[in-house]
Amino acid sequence: MKLSTKNKTKNIIGVFDSGLGGLTVLKNFLKFLPEYNYLYLGDNARVPYGEKSTEVIYEYSLQAMEFLFSQGCNLIIIACNTASAQALRKLQQEYLKQNYPDRKILGVVRPLAEFAAESKKDIIGIIGTRSTVNSQAYDNEIKNLNKKIKVQAIAAPLLVPLIEEGWAKKPETKMILKKYLRPLKTNKIKLLILACTHYPFLLKDVKRICGKNILVPNPGEVVAQSLKVYLNNHPELGLKKTKNPSRNFYSSDKNGLFKKLAEKFLGKKIKEFKSANLNDF
Ligand code: DGL
């Protein structure tokens with residue numbers, strides 16, 4: 001891997017995900033913090049991350065960070081739960097400290113765990129990729145905040161490929177989702193954290209299956225609210241609101257599926273869409 005030459009920051013917030021999923025987070029940034037410049041990177045060529053080893057997830061995430069910093073990002077949000085759970089700490093403690101001490105990388109596990117702990121619910125369900133569940137990142141963060149909360153985590157490895165394929169609305173996907181949620185309902189969870197950025201594409205169905213006794217927050221909204229507070233507390237990052245903020249989209253894949261699905265989900269045309277060769281970083 002070659003480290004980029006130290007370039008200047010360009011007043012941009014980078015949003016990284018293994019694929020399309022991070023758009024569910026970006027959509028909420030655009031809604032609640034619209035005045036900032038954003039650059040989205042989806043590693044669609046290598047998705048899913050959820051079944052890969054910690055080493056590979058770290059390597060891929062590192063390349064994504066290098067790419068986003070080379071584009072001038074002041075701050076990067078790792079929207080991907082899998083990368084947040086498996087790579088974030090090492091990226092912050094080693095890579096960032098040595099290479100970009102004046103910039104920041106944040107993940108999504110902490111804000112969602114804080115939301116869970118503050119909800120006052122005693123049994124919390126987590127649904128995520130196998131890698132996120134095996135890392136126990138959520139269990140640990142939530143227990144650190146409140147030892148009394150019980151956490152029930154299940155892996156739902158079939159959902160990401162179905163969503164990346166554009167199958168979110170198909171009856172087969174709903175059937176699989178129902179099967180995954182059954183044990184959590186049986187165990188009487190009171191709050192469900194969608195611990196994978198792809199799953200909010202199924203938010204309506206999840207809410208319907210969970211019924212009114214289980215609170216299902218929109219994770220992107222929780223992360224956006226937490227980012228709002230963070231930006232207020234960290235003026236030293238130099239991120240400024242602008243009148244004509246930019247939105248740039250990069251995918252590591254070269255096909256048009258990402259653009260098509262992203263436009264459909266965000267409900268707007270994407271003008272700046274480019275492909276990024278992450279292996280060069
Ligand atoms: N979107 C990622 C997450 O939030 C995972 C999807 C994948 O397996 O790559 O966990």
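For this chain, numbers begin at 1 and follow the sequence in order. Atoms within each ligand, like the ligands themselves, are counted from 1 in listed order.
- Between the side chains of D17 and T197, at least one donor N or O sits under 3.5 Å from an acceptor N or O.
- By the criterion of a heavy-atom distance under 4.0 Å, both the backbone and the side chain of C80 are placed next to ligand 1.
- Heavy atoms from both the backbone and the side chain of N81 come within less than 4.0 Å of ligand 1.
- For ligand 1, the atoms sitting less than 4.0 Å from at least one non-hydrogen atom of V47 are 9 (O), numbered in the order shown with element in parentheses.
- Contact record, G22 with Y40: N-OH, 3.1 Å, taken as the closest heavy-atom pair.
- In terms of protein heavy atoms, atom 6 (C) of ligand 1 is closest to S18 OG, 3.4 Å.
- Only the side chain of D17 comes within 4.0 Å of ligand 1, counting heavy atoms alone; its backbone N, CA, C and O stay farther away.
- Here is the list of ligand 1 atoms found below 4.0 Å of a heavy atom in P48: 7 (C), 8 (O), 9 (O).
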Ring pair (Phe, Tyr, Trp, His ring centres under 6.0 Å) assessment of F258 paired with F273
CA-CA 10 Å; F258 172 89; F273 176 79; 5.5 Å; yes
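- Under 4.0 angstrom from ligand 1, the non-hydrogen atoms of T82 come from both its backbone and its side chain.
- Just one residue in the list F16, F281, Y60 forms a ring pair (Phe, Tyr, Trp, His ring centres under 6.0 Å) with F67, and that residue is F281.
- Protein heavy atom in closest approach to atom 7 (C) of ligand 1: Y49 N, 3.2 Å.
- For the pair G21 and ligand 1, no heavy-atom separation below 4.0 Å is found.
- A116 and I149 get closest at one heavy-atom pair: O-CD1, 4.2 Å.
- Remark: ligand 1 atoms within the under-4.0 Å shell around heavy atoms of V160 are 6 (C), 7 (C).
- A cation-pi arrangement is absent between K228 and F32, since the terminal nitrogen or guanidinium carbon is not both under 6.0 Å from the aromatic centre and inside a 45° cone about the axis.
- Placement of L194 and V47 within a single hydrophobic cluster is found when ILVMFWY residues are connected by side-chain heavy-atom separations under 4.5 Å, directly or transitively.
- Ligand 1 has a nitrogen or oxygen under 3.5 angstrom from a nitrogen or oxygen of G50.
- Ring to ring, F265 and F201 are close: their centroids are under 6.0 angstrom apart.
- By the criterion of a heavy-atom distance under 4.0 Å, both the backbone and the side chain of T197 are placed next to ligand 1.
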